[in-house]
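Here is the structure we will look at, set down as structure tokens.
Keep in mind that this is a model prediction, so the values were computed, not measured.
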Amino acid sequence: MTSTKRQTQVRITENVLAAGKGAAAARGLDFNKYVEQLIIEDTTGARAAGMAAAQRFIDDHGAFLDDLEQQLDAPYGEPQPGAAA
């Protein structure tokens with residue numbers, strides 16, 4: 001089964017285009033596929049479901065993650081032995 005693709009044109013600022021191309025490259029996608037996936041995720045509810053799951057995770061484990069982050073960052077708040085001032 002082949003799907004028919006339609007070409008369309010959108011107008012976006014250079015900054016938005018650059019950000020989109022960067023995000024696409026970071027995901028290993030070409031820009032067109034990236035935009036297509038964003039639209040599919042947004043219109044099927046997949047994106048909302050993912051965001052809701054992330055929020056539940058933060059609600060359930062946010063205090064632990066905050067504490068862990070502080071513990072991991074703590075060594076960098078103090079000068080290290082032998083480090084130049």
Closest contact, heavy atoms only, T44 versus I40: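 It is OG1-O, 2.8 Å.
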
Please give me the minimum heavy-atom distance between Y34 and A24, naming the atom from each residue. CB-CB, 3.5 Å

Indicate whether any N or O donor in one side chain lies under 3.5 Å from an N or O acceptor in the other, for Q70 and D66.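 Absent: no donor and acceptor within the cut-off.
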
Please determine, by modelled atom types, if Q71 and D67 share a side-chain donor-acceptor pair under 3.5 angstrom.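 Distance-only check passes for Q71 and D67.
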
Under 4.5 Å between side-chain heavy atoms, hopping through other hydrophobics if needed: is there a path connecting [X] to [Y]?
X: F57; Y: M51; result: no
X: V10; Y: L17; result: no
X: V35; Y: I12; result: yes

Between N32 and E36, does a side-chain hydrogen bond (donor to acceptor under 3.5 Å, both in side chains) hold up when you go through it step by step? CA-CA 6 Å; N32 288 326; E36 183 179 26; over 6 Å; no

Quick one, D42 with L38, criterion side chain to side chain contact (heavy atoms under 4.5 Å, CB included). Give me CA distance, side-chain angles, the key distance, then yes/no. CA-CA 6 Å; D42 191 47; L38 285 178; over 6 Å; no

